[in-house]
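Everything on this sheet refers to the single structure shown next.
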Amino acid sequence: MATSSVPAVRTSRARWWREVGWRHVVGAAALLFALFPIVYVLSASVSVRGTLSAANSLFGTFTLDQYVSLLHDPLHPYVDWFVNTVVIASVTAVGTVLLGAAAAYAFSRFRFRGRRGGLLSLLLIQMFPQLLAYVAIFLLLIALENVFPILGRDSQVGLIMVYLGGALGVNTYLMYGFFNTIPRELDEAAMIDGASHAQIFFGMILRLTAPILAVVGLLSFIASFNDYVLASVLLNSPSKQTLAVGLYAFVSRQFAQNWGVFAAGAVLAAIPIVLLFQFLQRYIVSGLTAGSVKG
Amino acid sequence: MTTSTAVPPAPPAPPTTPTETSRRPRPESHARGALTMGYVAKLLLVALVDALGVYGIFAGSAHESWGIVGFLAFALLLVNLVYFVPSRRLIPAKYLVPGLLFLLVYQVFVVMYTGYTAFTNWGDGHNSTQSDAVTAILSQNERRVDGSPSYGLSVVEKGTTLGFAVVAPGKTPQVGTAASPLTDVPGATVANGVVTALPGYSVLDFSSIVQRQQEITNLRVPVSANPNDGSIRTTDGSVGYLYRSTYSYDAATGILTGPEGTYRADEKVGNFVDAKGQKIEPGWKVAVGFKNFTDVLTDSSLRGPFVSVLIWTFAFAILSVLLSFGLGLFLAITLNHPRVRGQRLYRSLLILPYAMPAFLSAVVWAGMFNQTFGFINTVLLRGASVPWLNDPWLAKGAVLLVNLWLGFPYMFLVCTGALQSIPADAIEAAKIDGASGPRIFRSITLPLLLVSTAPLLISSFAFNFNNFNIIYLLTQGGPRDLTAGVNVGSTDILISFVYKLAFQGVNRQYGLACAISILIFLIVASISAATFRRTRALEELN
Amino acid sequence: MRRSISVAAVLGMSLGLAACASSTPSGTATTSAAPAATTTLTVWVDDTRAPAVKAVAEEFTKETGTQFQFVQKDFGTMRDEFIAQAPTGKGPDIIVGANDWTGALVQNGVVEKVDLGDKASGFLDVALKGMSAGGQLYGLPYAYENIGLVRNTALVADAPTGTFDDLIAQGQALVTAGKVKYPVLIQQGDTGDAYHLYPIETSFGSVVFGKDAKGDYDPTQFTLGDPEGVAFASYVAKLGKLGILSKDINGDAARDLFAQGKAPFMVTGSWYIPDFTKAGIKVAVSPIPSAGGQPAAPFVGVQGFFLSSKSTNKLVAQKFFSYLATEAAQTKLFEVGGRVPALKAAADKAATDPVVGGFAKAGENGQVQPSIPAMGAVWQDWGLAEVGIAQGADPASTWTAAAASIKAKIAKG
């Protein structure tokens with residue numbers, strides 16, 4: 001799927017419109033819908049008064065003060081938060097992909113008792129309303145910290161472990177569905193060549209399913225990036241907190257005065273996600289699968 | 001078989017993921033049983049897990065955390081069994097165990113805890129244990145005796161017994177302990193209104209006071225042999241006041257005596273209750289059986305608007321899924337065309353709504369929908385006054401629109417990923433057979449897509465069924481129906497409705513909220529399970 | 001899927017924010033104590049109060065060697081999180097909160113009494129009442145705040161002396177002259193805002209709760225639905241017709257409109273003053289005029305420190321509280337945090353600033369914001385009824401229906 005290849009034959013304008021042009025019209029409309037609230041936030045982040053309603057006159061005023069005060073506030077160590085969040089979300093994403101892919105492999109490639117029920121349970125357990133999650137997890141971590149201090153409160157490792165608790169679930173399904181589209185003949189051929197199930201999993205399946213692993217990794221990254229409840233209950237020291245927790249403090253106030261700073265923080269926070277997406281797009285839209293599945 | 005070219009050669013592949021945490025097992029090359037790299041890696045990792053587990057069992061025993069010890073013992077046994085017993089039947093377990101252990105610890109625990117809470121009366125006024133309640137009642141009802149002086153106070157020690165040496169303005173210094181009431185001690189040295197030295201006693205300095213502060217704040221020194229005269233206590237170690245408690249508690253009989261009668265501990269309601277049924281706050285947490293569940297089912301304020309809320313909840317959840325999936329799929333297919341340039345750019349920008357923190361987006365949308373000042377009315381509609389969030393039907397539409405905005409990038413992303421997995425040759429073949437675009441979509445693309453995305457759609461339905469945040473941040477369930485006697489609005493879904501019921505009354509009732517959330521879970525889970533069974537047919541397509 | 005975020009905070013009617021940062025000179029008086037054992041007090045404080053609290057804590061550390069660990073928590077969720085964590089014994093020693101938490105904290109038995117002894121007489125009565133329940137003090141008050149009438153002195157030079165109707169007329173004249181868009185601003189928003197309307201309501205003689213013999217608010221005497229309340233409701237309808245009260249004018253909108261000079265008057269608190277100053281608006285503050293004949297009494301909110309009943313450092317914490325009750329400490333809190341001190345001596349000093357003094361005068365008639373648990377059932381229905389009436393619902397029936405619904409909730413517990 002080489003998107004950049006130039007068509008060798010020059011097509012007529014009408015045909016171009018019929019085949020390609022309308023797609024750009026749809027794309028532009030979708031962009032408009034997706035981006036205008038974000039443009040609004042961007043405008044609030046550079047407006048002098050830094051309020052939401054001031055953003056009505058889009059980019060009526062321009063200042064970088066909000067960004068400057070965001071980065072120079074000892075009470076809100078934005079840079080620390082940023083680093084913490086990226087580290088926590090990355091480790092969680094890698095862990096989630098590996099745990100989830102392993103489970104999806106088992107469900108997809110082996111037949112065992114309780115397979116159907118197990119799959120369904122994974123889906124259902126994630127539907128449980130997490131109303132009390134923050135209390136339960138808090139109690140759990142108090143108990144754990146006596147035994148393994150690093151898994152306790154105010155520990156980023158502890159928080160990552162909590163996130164990994166959600167590694168199996170709907171994401172496993174996503175991968176499971178994808179794994180099923182990889183023909184089993186490939187496994188069988190490898191078996192004949194003498195590969196073990198582990199070699200097949202690590203050496204072949206993980207490579208062939210790169211697009212979905214990338215999608216799951218990104219989803220997991222975004223989920224822990226935006227988590228507020230658990231991170232705010234478990235991480236106490238300001239320097240250990242995450243972006244969502246820190247930024248939430250700006251808007252949760254009754255008399256929100258910090259819209260501009262908050263908007264600036266949110267704009268910067270979106271950057272790692274966009275960069276990660278850029279990086280992963282290579283895998284998501286790789287065509288690797290299509291190529292190898294052929295034949 | 002031409003496919004073997006895609007398979008790595010027979011020697012073990014190097015581990016592809018060197019960054020993984022300790023819990024990941026390494027592959028086993030049982031086919032050969034020799035000391036391959038994979039086997040060594042597995043050995044090392046399991047050894048590490050074993051070492052941590054054994055350490056945890058010892059540390060847990062030392063802290064008497066028997067729950068943790070038990071779980072660790074179980075986990076160790078499981079891990080060693082699964083990775084070292086050579087049985088074909090255990091192979092799937094090798095891939096499932098790591099994730100399942102995390103799931104058990106962190107997710108199942110939450111579910112069980114919620115389940116347990118649903119059977120208790122936990123909430124405001126029933127927050128802790130009975131002994132905490134007794135302490136709180138006694139302390140809250142301890143009154144400073146009106147008109148009594150403040151005493152200059154020193155903490156003194158005789159042997160290992162702590163006592164107070166006190167000086168009332170213009171009086172002789174006195175000393176006493178918990179067991180012996182205050183007596184005059186003329187021999188004391190007094191400076192700045194406090195005793196600084198006392199024969200037979202040592203006077204504690206500030207650092208010793210701090211070290212023993214628990215003992216000191218709990219110490220009560222009676223002023224006379226008659227306990228009703230009250231006792232001296234201190235809160236800061238340097239000033240003492242005369243207190244009299246209006247309540248007393250007899251641990252042996254469990255009877256609490258107050259100025260207006262006696263109260264016994266009623267384990268059914270979790271309060272001290274007198275003969276007339278009068279309760280004292282705070283109470284404590286007790287199991288109440290199915291009371292929370294029967295309360296839900298018999299609550300008249302819940303029953304009234306229940307049907308309309310339930311209908312809207314379903315409409316909201318189903319429409320949210322269909323709309324966002326529809327838009328996401330449409331965009332994925334539209335842009336996933338070899339001749340469309342700038343696909344990467346489109347994709348990067350289209351996921352941006354998903355990259356924004358959700359609470360920010362919801363608040364921004366709420367601001368944009370503001371009737372008088374909002375961006376949509378003032379700028380986009382040039383000064384119109386559309387009551388976006390104030391009209392029952394428009395508010396429903398607005399909520400759906402915002403949820404579409406929040407949800408379609410996810411679906412777009414997933415569909416883009418899934419589209420890549422559809423074998424190109426299947427579509428090529430159909431094209432060669434002369435199938436039209438729509439037909440290819442209907443009979444090849446969509447079914448294949450649904451194989452991997454159907455469970456996602458079900459899960460997305462369940463998520464939206466309980467999507468409290470979007471409703472709460474955008475409309476708080478409003479616009480409110482002022483004629484209904486209950487706090488319910490036209491965009492309230494089940495979970496936001498019960499949230500108001502359980503938490504916005506006089507007391508927050510966690511027990512009730514848990515019971516309701518379990519009921520909601522049962523509804524959602526059975527619908528999902530039923531739908532899921534129907535999608536099994538799809539899978540057979542593959 | 002997205003993980004959820006807690007949003008209970010958004011609804012909280014907890015009182016607000018950073019106020020005008022004017023400064024008054026102060027000397028740092030110190031009580032002598034030998035630096036000694038190192039105990040660490042864990043304190044939960046939200047980020048707006050953190051600078052002031054940290055500043056006084058530093059002074060206390062210098063004097064006693066006590067160390068502090070500060071945990072920044074969101075103000076809106078802090079109370080509930082504390083109630084859930086305190087019984088485990090792993091919660092903080094001290095939380096910095098507001099007086100309307102007192103009822104729930106005491107009801108759950110998670111806070112310790114505070115004994116100020118003779119120092120109590122130095123505090124404003126309203127501040128002590130705010131932190132008390134059942135006649136006992138449960139928190140150390142450090143600041144209080146209330147709303148008043150803020151006017152744009154470029155548009156209206158002198159403090160209005162007449163009734164609220166006169167005020168509206170004065171504002172309308174400016175609207176007719178094309179100088180402003182709104183005669184007066186009172187923030188409401190989608191769920192209404194009973195807090196900002198309360199002074200007008202009390203001027204009709206309507207109050208939310210009656211008081212018992214001890215002078216505490218009595219949940220059984222819920223009096224919103226009385227004839228005085230209905231009279232107020234029809235006044236709300238009138239304000240709605242005039243366009244003064246509207247769902248659309250929430251705090252953010254009202255603040256911006258005033259900062260743009262689009263209204264001569266605004267009923268608000270000190271928290272927005274810095275924004276007005278930044279926007280170049282010169283303001284003065286005066287008491288809110290009466291609409292119904294009786295004095296307009298705003299709610300007075302109190303900020304303070306609470307001590308956990310499960311703290312293992314109670315003695316040191318109480319020593320810290322004693323220190324916070326000194327004039328030096330209260331003045332320091334004011335200088336850094338800008339909130340009006342609860343200690344009279346420090347408050348008097350602060351009141352030399354005209355804006356602080358103006359709000360203090362507006363709060364002279366003020367009523368303590370009730371902290372009894374029943375208040376939790378009141379805010380939302382109350383505000384929704386008011387904004388509903390302002391949007392055109394029938395005043396009398398809507399008002400009495402809301403009052404009945406609240407009463408039923410209180411009775412149910």
Side-chain angles (χ1 to χ4, degrees), chain A residues 1 3 20 23 26-27 30-31 34 37-38 52-53 56 98-99 102-103 105-106 110 112 124 127-129 131-133 136 140 146-147 162 164-165 167-168 170 173 177-178 180-181 186 189-190 193-194 196 198-199 202-204 211-212 215 226 266 270 273 277 284 289-290 292-295, chain B residues 1-4 6-8 10 12-13 16 20 27 29 31 56 59-60 63 68 92 95-96 98-99 102-103 106-107 109-111 113-114 331 334 338-340 343 346 349-353 355 357 360 364 367 373 375 417 420-421 423-425 451-452 455 459 462 466 517 521 524-525 542:
Chain A
M1 305 234 142
T3 56
V20 183
R23 294 174 193 270
V26 169
L31 283 184
I38 292 167
L52 262 193
S53 41
N56 268 359
L98 285 170
L99 292 175
Y105 178 61
F110 301 100
F112 50 92
L124 295 188
M127 295 178 185
F128 197 85
L131 197 67
L132 279 192
L140 182 67
N146 285 331
V147 181
V162 174
L164 287 183
L168 300 194
V170 68
Y173 253 100
F178 202 106
N180 280 348
T181 62
L186 292 183
D193 288 349
S196 71
Q199 285 161 352
F202 284 101
M204 183 181 88
I212 212 66
V215 168
N226 284 338
I273 295 179
F277 183 75
I284 296 173
T289 329
S292 55
V293 168
K294 256 182 218 166
Chain B
M1 272 277 192
T2 54
T3 52
S4 55
V7 181
T16 49
E20 185 29 4
S29 303
H63 286 95
I68 294 179
Y95 291 89
L96 287 171
F102 277 97
L103 185 82
Y106 290 105
Q107 296 253 304
F109 181 81
V110 171
V111 172
Y113 188 77
T114 308
L331 289 175
T334 306
R339 284 179 45 213
V340 172
Q343 286 191 38
Y346 277 125
L349 292 177
L350 284 177
I351 63 135
L352 272 176
L360 166 74
V364 168
F373 306 105
F375 184 76
Q420 299 297 321
S421 75
D425 49 351
V451 172
S452 48
S459 145
N466 287 328
S517 55
F521 173 68
V524 177
N542 191 36

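Lettering of chains follows the sequences in order, A, B, ..., and the numbering in each one begins at 1.
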Determine the minimum heavy-atom distance between R23(A) and T334(B), stating which atoms define it. NH1-O, 2.7 Å
With sequence neighbours excluded, residues passing ring-ring contact (aromatic ring centres under 6.0 Å, His included) with F109(B): none
When only pairs under 4.5 Å are counted, which of V215(A), I212(A), L31(A), I273(A) shares the most heavy-atom pairs with chain B? L31(A)
Which atom of V147(A) lies closest to which atom of G56(B), heavy atoms considered: CG1-O, 3.4 Å
Honestly, the part of F128(A) sitting under 4.5 Å from a heavy atom of chain B is both
Of all heavy-atom pairs linking N146(A) and H63(B), the shortest is O-CE1, 3.2 Å
Region of A167(A) in contact with chain B, defined by heavy-atom distances below 4.5 Å: neither
Starting at CG of L96(B), measure out to CZ of F110(A) and round the result to the nearest 0.5 Å. 9.5 Å
Note: vs chain A, highest number of non-hydrogen pairs under 4.5 angstrom among V524(B), T114(B), V111(B) is V111(B)
Closest heavy-atom contact between L350(B) and A34(A)? CD2-CB, 4.0 Å
Under 4.5 Å from a heavy atom of chain A, the part of L331(B) involved: side chain
Distance col, row I38(A):CD1 vs L352(B):CG, nearest 0.5 angstrom, shows 4.5 Å
Minimum-distance pair of heavy atoms, taken over all atoms of A198(A) and Y95(B): CA-OH, 3.2 Å
Report which part of I68(B) has an atom under 4.5 Å of a heavy atom belonging to chain A: side chain, backbone, both, or neither. side chain
Top of G60(B), A59(B), G99(B) for chain A proximity - count of heavy-atom pairs under 4.5 angstrom: G99(B)
Can you tell which of A106(A), P37(A), G27(A), A30(A) has the highest number of heavy-atom pairs within less than 4.5 Å of chain B? P37(A)
Name all residues meeting the side chain to side chain contact (heavy atoms under 4.5 Å, CB included) criterion together with P129(A); count only those two or more places apart in sequence or in a different chain, and write none if there are none. N466(B), I495(B), S517(B), F521(B)
